[in-house]
Structure formats: structure tokens, C-alpha cells
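A short write-up of the structure that comes next.
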Amino acid sequence: MTRFAFLILTIAAVLGARDASALNVFACEPEWGSLAHELGGDAVSVDVGTTALQDVHVIEAKPSLIAKVRKADVVVCTGADLEIGWLPQLIKQAGNPKVASGPGYFLASDQITTLEKPSKLDRSEGDIHPQGNPHFQLDPYRVLAIAQALDARLAQLDPAHAATYQQRLADFSTRWEAAIKRWEAKAAPLKGRKVVVHHISWVYLLKWLGLEQIGALEPKPGVPPTSAHLASLIELTKAAPAFAILRAAYQDSKPGDWLSEQTGVPAVTLPFTVGGDEQAKDLFGLYDSTIDKLLAVAK
Ligand SMILES: [Zn+2]
């Protein structure tokens, strides 16, 4: 180890020690890490398991993640089976009873209703989301409901800071509700416009803002686009017409770019979660960036 690396580790240890009394939160996705920060401030220490550039449907249960879950007081995840391929494995390997069940196991999906819940489960139909669509971080009303539930959970786990959580929730709610009004006014010109999507990542956003999804590059959720499917999408995209082809920061840009070249409809990369672009530094920036990027191509 170099002296510099040692120095960094020492500083990290000292800074870490200062947080000894903080509630350790493990967030599966950046949006919930950001929300935990909003609600907990200095009362919480947050580890985020994934980044905006990763596909959270498929994450490897690496030792570094297991170590984070091992020291967590609470795991905060999307749920609705989004993390079915890795979260149960992380919890099992971590052997930390605090987060295996009970109050230390918080799923955002338990606090809200999901859209697109299939009435009949058939995995051959590409139902990779049998509990409904889990990509609800872009519905600000659901985020607010989740914030209220998460805040109550943090206070339950850490009663010494109950007043802090209560005050911070009130502050967050005020700012969030004001932002919703601002976003809705700003995005009003998008109402009724049509989009093509890569994965079914935008259902909540589109419903909220009154946009319409006319097609998806993935013929079935989780199934990569085939050239035959892409060919049929060309006509659909032109005829609608769609004003944008949407993809998340982590998704392969090639299929969308190809469709864009064939149709002249711009492909737009949206952050999808916190950290997905420069502007999406927190939940507020995530929504600001998403709406700005849609408006930029909606002219
Ligand atoms: Zn999905």
C-alpha cells in the first residue's frame, strides 16, 4: 500500500468513526439513497448498492455489496421483484438478521400500488415484472408516499432522532410539492405527445405527464430487440408520429440510435435515476433533467 492510499484510508476511518451513531442505510438504487439522505441528513449513513449506469434487473451479489448489507440497520429497495435476482442472495450471504425481515427490510413497492400487474403470470410472455412495473421512481406522488412511509420507518428504527426525521420530512414534502407544481406546469406542452421506449421504464412518468407510449424496442420486457421487430417499429414510429425514442442512461444506445437514423426521430437518453447525468445530482435534479431533456426535443 502506498503512503497516499494509507492516508486516504485513515481519513476515511476517522470520518467513518464520526458517523458511529448514525443509522446505517443500504439503498439498492440511487433514488432511495437520495431519499434517505433527504429524510435522514446527518442521522443516517447511506450506502448505495448500484449506480445509474448499471442495469438493476441484473446485479451481481459481489462481496463488496454483501459487506455493506452486513453492517446495515435497514435495507431500502424498490421491491416488486426488481431485485429478485440479487437482493435475497445479498441478505442471505450477509447473515444480518436486522435486515432479513421486519422493520429493517423496507420495500418501496409495499408502500404503493404498482401499474401493469399481470392478471395471469406467464414468463414466456416476458413478464419479468410479475408484481407490476417496478420503475415507479419517476412518479412524484408515489415518491412522496414512499417518503412518508420511509420516514416513519427510520423514526421507528432510530427513535432518538424521531424529531429530526419528522422535521426533515416536513421540509422535504414542502419542497417536493412545490416542485411537482413547477414540473407539471413546465411539462404541460408534452401532454398527448407520443414516444417509443427501449424498456418499459417510463410507464409512471408517461402516465403522470400525459404522454403515450406507442411501442418498445424490447418486443417483450427483458428480451433484446430483433431486427424484424425493429423494422416494424420504423413504420409505427413515423406514423404516430413519435417525438422521441427514450432510453435510460444504462441502456445500450445502438437500437435506439438505429431507429432514430431510420425515422429522423431523436433518441433521448434520460437519467432514469439519480446520477444518470450531470444534472441529476439528487431527486429534484433527476426530475428537472428528465423534463428538460423531453422538452428539448419536443419542439
Ligand atoms: Zn424493468
Side-chain angles (χ1 to χ4, degrees), residues 27-35 48-61 75-90 107-140 142-143 146 195-209 211-226 229-230 233 244-256 259 267-277 280 283 286-287 290:
C28 284
E29 291 86 21
E31 62 269 29
W32 311 131
S34 184
L35 187 59
V48 181
T50 59
T51 75
L53 299 183
Q54 287 179 289
D55 180 353
V56 288
H57 303 86
V58 282
I59 295 292
E60 199 191 327
V75 297
V76 179
C77 299
T78 296
D81 286 353
L82 177 61
E83 304 97 344
I84 191 85
W86 52 282
L87 182 60
Q89 196 61 22
L90 282 184
L107 296 183
S109 63
D110 288 342
Q111 323 305 327
I112 52 140
T113 55
T114 55
L115 298 173
E116 301 185 327
K117 202 167 182 170
S119 51
K120 180 171 92 44
L121 177 60
D122 183 354
R123 293 229 183 236
S124 71
E125 287 302 309
D127 282 339
I128 61 162
H129 296 314
Q131 303 300 319
N133 191 309
H135 307 298
F136 43 74
Q137 77 275 16
L138 291 171
D139 172 358
R142 281 180 170 81
V143 167
I146 292 159
V195 296
V196 174
V197 302
H198 186 130
H199 174 65
I200 47 164
S201 310
W202 315 101
V203 176
Y204 297 88
L205 175 77
L206 301 180
K207 187 164 189 267
W208 170 45
L209 297 178
L211 290 135
E212 189 190 337
Q213 175 184 317
I214 57 142
L217 285 158
E218 290 180 346
K220 294 172 182 177
V223 177
T226 61
H229 175 69
L230 289 175
L233 256 188
I245 301 157
L246 306 184
R247 62 174 169 244
Y250 74 86
Q251 280 160 343
D252 182 7
S253 62
K254 287 190 203 85
L259 185 61
V268 184
T269 303
L270 298 177
F272 189 54
T273 184
V274 173
D277 66 19
L283 282 167
L286 168 63
Y287 279 70
T290 301

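Predicted, not measured: the structure shown is a model, and the values here were computed from it. Just follow the structure's listing: the first ligand is 1, and inside any ligand the first atom is 1.
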Protein N/O/S count near the Zn ion (ligand 1) (criterion: distance under 2.8 Å):
4
In this structure, OG of S109 is separated from CG of N133 (nearest 0.5 Å) by 11.5 Å
Do T50 and E29 have side-chain atoms, one donor and one acceptor, less than 3.5 Å apart?
no
Which residues pass the salt bridge (charged side-chain N to carboxylate O under 4.0 Å, His left out) test with K117, sequence neighbours left out?
none
With sequence neighbours left out, write down each residue that passes side chain to side chain donor-acceptor pair (under 3.5 Å) with D139, or none if nothing qualifies.
R142
Flag the pair L35 / L283 as yes when at least one side-chain heavy-atom distance between them is below 4.5 Å, and no otherwise.
yes
Holding to salt bridge (charged side-chain N to carboxylate O under 4.0 Å, His left out), I want the full list of residues that pass it with D55, two or more places apart in sequence or in another chain.
none
